[in-house]
Amino acid sequence: MKAPITVHMIRKAPHSQMKHISKIVAILVAISAIWVALLETSTVPRSYTWLLPVYLVVALGCYGLFMVGFGLMFFPTCPQEAILLQQDIVEAKEFLAKKGVDVGSE
């Protein structure tokens, strides 16, 4: 029988989460600083500068949709993992059946 997966195996270490959060905050601060600088200087017309956050959100949405579509198009098939998953399902059904749980008709 395989060793059970514990919560500690699944969760990331707290320091790596903090690194990720600090990276996101740094990027947001940089984008905000650029936006404020464009508002203060007259390099870009003010009417366009006010719309930059909207353009950024739309661009990030398009990028996200592209990445999801790309990931779905080139999703790897794992026949060996599928076989192992089916074996795990059979083991789980047998275990639950021994405990008196109705697991279906398969």
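Residue numbers run from 1 in the order of the sequence given.
Remark: F75 pairs with no residue by the side-chain contact (heavy atoms from CB on, under 4.5 Å) rule, at least two apart or across chains. For L85, the side-chain contact (heavy atoms from CB on, under 4.5 Å) criterion is met by I89, not counting sequence neighbours. Considering only residues two or more places apart in sequence or on other chains, V57 meets the side-chain contact (heavy atoms from CB on, under 4.5 Å) condition with none of them. Listed by chain and number, the residues in a side-chain contact (heavy atoms from CB on, under 4.5 Å) with Q80 amount to none (sequence neighbours excluded).
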- Query: Could you go step by step and tell me if I83 and Q86 meet the side-chain contact (heavy atoms from CB on, under 4.5 Å) rule?
  - Reply: CA-CA 5 Å; I83 292 170; Q86 290 298 324; 5.8 Å; no

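I24 belongs to a hydrophobic cluster with L28, counting contacts under 4.5 Å between side-chain heavy atoms of Ile, Leu, Val, Met, Phe, Trp and Tyr, direct or through other members. In the hydrophobic clustering, where aliphatic and aromatic side chains (Ile, Leu, Val, Met, Phe, Trp, Tyr) are joined below 4.5 Å either directly or transitively, L60 groups with I27, I31, L56. M67 belongs to a hydrophobic cluster whose remaining members, ordered by chain and number, are Y63, F66, F70, M73, F74; membership requires side-chain heavy atoms of ILVMFWY residues under 4.5 Å apart, directly or through intermediates. Cluster partners of L72, using a side-chain heavy-atom cutoff of under 4.5 Å among ILVMFWY residues and allowing indirect links, are V68.
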